[in-house]
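To find a chain, count down the sequence lines: A is the first, B the second, and so on, and within it residues start at 1. Model, not experiment: these values are computed from the prediction.
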Amino acid sequence: MRTLLKPLLAQDPRFVSFYAPIFQSLTGKNLLKLGQQVHAQMALRGFEPDAYLGAKMVAMYASSDDLDSAVAIFHRVNNPSTLLYNSIIRAYTLHGFSEETMEIYGRMHCLGLKGDNFTYPFVLKCCAELSRIWIGKCVHGLSLKVGLESDMYVGTSLINMYVKCCDMSDARRLFDKMTVRDVSSWNALIAGYMKDGEICLAEDLFGKMPGRNIVSWTAMISGYTQNGLAEQALFLFDEMLKKDSKVKPNWVTIMSVLPACAHSAALERGRKIHNFASRIGLESNVSIQTALLAMYAKCGSLLDARQCFERVRRTQNNLVAWNTMITAYASHGRGSEAVSTFEDMIVAGVQPDNITFTGLLSGCSHSGLVDVGLKYFDYMKRVYSVEPRVEHYACVVDLLGRAGRLAEAKDLISKMPMQAGPSIWGAMLSACRKHRNLEIAEIAARSLFILEPENSGNYVMLSNIYAEAGMWKEVDNLRVLLKAQGVKKNPGCSWTEVNGKAHLFLGGDTSHPQAKEIYEFLLDELPKKIKAAGYVPDTSFVLHDVSEEEKEHSLTTHSEKLAIAFGLLNTSPGVVLRVTKNLRICGDCHTATKLISRIYEREIIVRDLNRFHHFKDGNCSCGDYW
DNA sequence: ATAGGGTTAG
């Protein structure tokens, strides 16, 4: 380019047609220096650009990350033409300045410039980002008037605008009216339905659409993931690879499927997808590595998680990666590692944000680092200028509550500058259970029943507190309330992956093909061994007011015990067992698992609703602090 | 030029 330009610039050009193609060829190639040289020479010759040339120059500067110069040229040329205005609208949008785009569009309007199929998509994108549905509707009206409603780009942009402004009915109305629908219109609508939780409507469209591209598949996969339907997400990912060889998964596709592995703790599936991502050249993608980090952490493998983190660190100093690593340590109860990672992050010169502190504080609370946690809570605003939010207060309530400092926790709630939400009272309630404080428990539970009446976990928690105190009448009252409110109790279930296949167990479940074997183990072999090792069943975790013997039986068949038994029976010695439970692990299972880990010399990693428990040699990583 | 996106407390 340089050698090509030299002889050309030596001539004495007088025509726009000379400069315009030069600027055009410098656009999008990050050749700012060359662009500036040409511009300087032009100025030296006293040549003033017209609207056409001005637009080309604006485009060159904007694409070279010099928005200021682009804006300067726009104002200097100051020609009321759609062409020039389009160029500055594109420049602003490219740099994420939506407000400025809207202002320019407003000015076009005052000047009587109608805008064309190049203008509308950009303006609509800004309307979507700023949730300006009324301006969006005006643009819709205008595009109708000039006959652009069914333009491929304008149509899709309009649908996307309605989707982002949460107006699915108008999005659908327009979609139904369109005669020629681009794939992207279908995709935008599918994504909108998924965001609304309208899975069936999205599936219906996906089934009906004439041609699918990678975005269609990705929209469905990420939609399933976002709605907690991990199985469907993973299934569809496989379907895509099997049935549609034309589509090539890209980094967004991988990012959409990884949280599904994380959600269902499907470590082997996750590894396969990791290999797949490497094969298609995504190993150096920071977002992918961060998503992999989170996936491995949530699947119970801190080692793999750390490796992903180190891969990122080799090339980048990325805030999200630091946050994910800190949060990973926190969820595994490795508070001191969370703290040291935080300190490393500060040394590396990264400014922590609110997510950093939720990770750090929850790490401290899971590990009983009370004073350290309180210190960082104090520092976060004073030293790091991060304003504490409700989630940080929740962590501190948890921190104090777990440590038995209930009065201080309650005091903090009354003094915090915002309203206490479900996370605050939830932390308080579990602290009350741990430290057997009925009085505060009832206050916390009452708030929770109002704040999230549909969450069955809260009723169960209070019920357990009553049960532990032997208050069976209150337990019954609560059961009646639960029924009256129409709350469905979330059944406890656990699952484990063996040879890449997940096996799911419900409490007392006998439907598994190997149920006979599992029950023999749990009812016969195991009790002998663990009772010899000093195990006494802790029946206080059983809700029903039934005989001790019955209580013991219901304990023996808790879903996590079934999953662990299945794992022991179906894997060779030395293989780490990984079990995931949808609720909190029960205290009796916790005790039993510690003993199992010693007797059978097995490392057992249990992920419950809140955190990980690493059982090894008769101990748990949580140090019984949970 | 349009559609799909990583980390967040109990």
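- Taking only side-chain atoms of A:Ser287, from C-beta outward, the nucleotide of B:dT7, B:dG5, B:dA1 with the closest atom is B:dG5.
- Ranking B:dA1, B:dT7, B:dG10 by closeness to the A:Glu452 side chain, first place goes to B:dG10.
- Using a 30° and 60° split on the angle between ring planes, A:Tyr376 and A:Tyr379 fall in the perpendicular class, above 60°.
- Put simply, A:Arg90 has a side-chain N or O that comes within less than 4.0 Å of OP1 or OP2 on B:dA1.
- At B:dT8, none of the side-chain N or O atoms of A:His392 fall inside 4.0 Å of OP1 or OP2 (strictly under the cut-off).
- Distance NE2 (A:His274) to C1' (B:dG6): 14 Å, rounded to an integer number of Å.
- Between A:Ser430 and B:dG10, a side-chain N or O to OP1/OP2 separation shorter than 4.0 Å is absent.
- Taking atom CG on A:Asp182 and atom C1' on B:dA3, their separation rounds to 9 Å, with Å as the unit.
- A:Ile214 comes within contact range of at least one nucleobase, with a heavy-atom separation under 4.0 Å.
- Across B:dA1, B:dA3, B:dG5, the shortest atom-to-atom separation from the side chain of A:Phe122 is found for B:dA1.
- Between A:Asn160 and B:dT2 there is no side-chain N or O to OP1 or OP2 distance below 4.0 Å.
- Looking at A:Thr341 and A:Asp344, their side chains never bring a donor and an acceptor atom within 3.5 Å of each other.
- The phosphate of B:dG5 (OP1 or OP2) has no side-chain N or O of A:Lys195 nearer than 4.0 angstrom.
- Salt bridge absent: A:Arg314 and A:Glu310 never bring a charged side-chain N and a carboxylate O closer than 4.0 Å.
- Look at CZ on A:Phe175: it is 16 Å from P on B:dA3, rounded to the nearest Å.
- Atom CG in A:Asn323 sits roughly 12 Å away from atom P in B:dA9 (whole-Å rounding).
- Distance from the side chain of A:Ala188 is smallest for B:dA3 among the nucleotides B:dG6, B:dA3, B:dG10.
- The residue A:Thr290 sits close to a base: some heavy atom pair falls under 4.0 Å.
- A:Asn117 comes within contact range of at least one nucleobase, with a heavy-atom separation under 4.0 Å.
- Counting only distance, with no hydrogens or angles, the side chain of A:Arg402 and the backbone of A:Ala431 share no donor-acceptor pair below 3.5 Å.
- Between the side chain of A:Ser423 and the base of B:dG10, no donor-acceptor pair of N or O atoms lies under 3.5 Å.
- One finds no side-chain N or O of A:Lys434 lying less than 4.0 angstrom from the OP1 or OP2 phosphate oxygen of B:dG10.
- The residue A:Val390 sits apart from the nucleic acid: no heavy atom pair falls under 4.0 Å.
- The residue A:Trp251 sits close to a base: some heavy atom pair falls under 4.0 Å.
- Closest approach to the A:Val252 side chain among B:dG4, B:dG10, B:dT8 is made by B:dG4 (side chain taken as heavy atoms from C-beta onward).
- In the set B:dG4, B:dG6, B:dA9, the nucleotide with an atom closest to the side chain of A:Thr253 is B:dG4.
- Between A:Tyr459 and A:Phe449, the ring planes are parallel. Angles under 30° get that label, and only those over 60° would be called perpendicular.
- The base of B:dG5 has none of its N or O atoms less than 3.5 Å from a complementary donor or acceptor on the side chain of A:Gln226.
- Taking atom CD1 of A:Ile221 as the reference point, atom P of B:dA3 lies 19 Å away to the nearest angstrom.
- Comparing B:dA1, B:dA3, B:dT8 by their closest approach to the side chain of A:Val215 singles out B:dA3.
- Counting non-hydrogen atoms under 4.0 angstrom, A:Ile89 reaches nothing in the nucleic acid.
- Here the side chains of A:Tyr193 and A:Ile199 are not in contact, with every heavy-atom distance at 4.5 Å or above.
- Residue A:Pro422 is classed as a base contact, given a heavy-atom separation below 4.0 Å to a base.
- Residue contacts shown for A:Ala394 are absent, as no nucleic acid heavy atom lies under 4.0 Å away.
- Checked by distance alone, A:Ser184 brings a side-chain donor or acceptor within 3.5 Å of a matching partner on the base of B:dT2.
- Taking every side-chain heavy atom of A:Ala191 into account, B:dG4 is the closest of B:dG10, B:dA1, B:dG4.
- Taking atom CG of A:Asp196 as the reference point, atom C1' of B:dG4 lies 16 Å away to the nearest angstrom.
- With sequence neighbours excluded, no residue satisfies side-chain hydrogen bond (donor to acceptor under 3.5 Å, both in side chains) with A:Gln307.
- Comparing B:dA3, B:dG5, B:dT7 against the side chain of A:Ser256 picks out B:dG5 as the nearest.
- We find that CE of A:Met220 is positioned 13 Å from P of B:dG5, with the value rounded to whole Å.
- In this structure, A:Leu282 atom CG and B:dG6 atom C1' are separated by 13 Å, rounded to whole Å.
- Under 3.5 Å, the side chain of A:Asn610 and the base of B:dA9 form no donor-acceptor pair of N or O atoms.
- Stacking is not found between A:Trp217 and the pyrimidine-like six-membered ring of the B:dG4 base under the 5.5 Å centre-distance and 30° plane-angle cut-offs.
- Under 4.0 Å is where a charged nitrogen must lie from a carboxylate oxygen, and between A:Arg269 and A:Asp238 at least one such pair does.
- Checking B:dA1, B:dT7, B:dG4 against every side-chain atom of A:Pro121, the shortest atom distance belongs to B:dA1.
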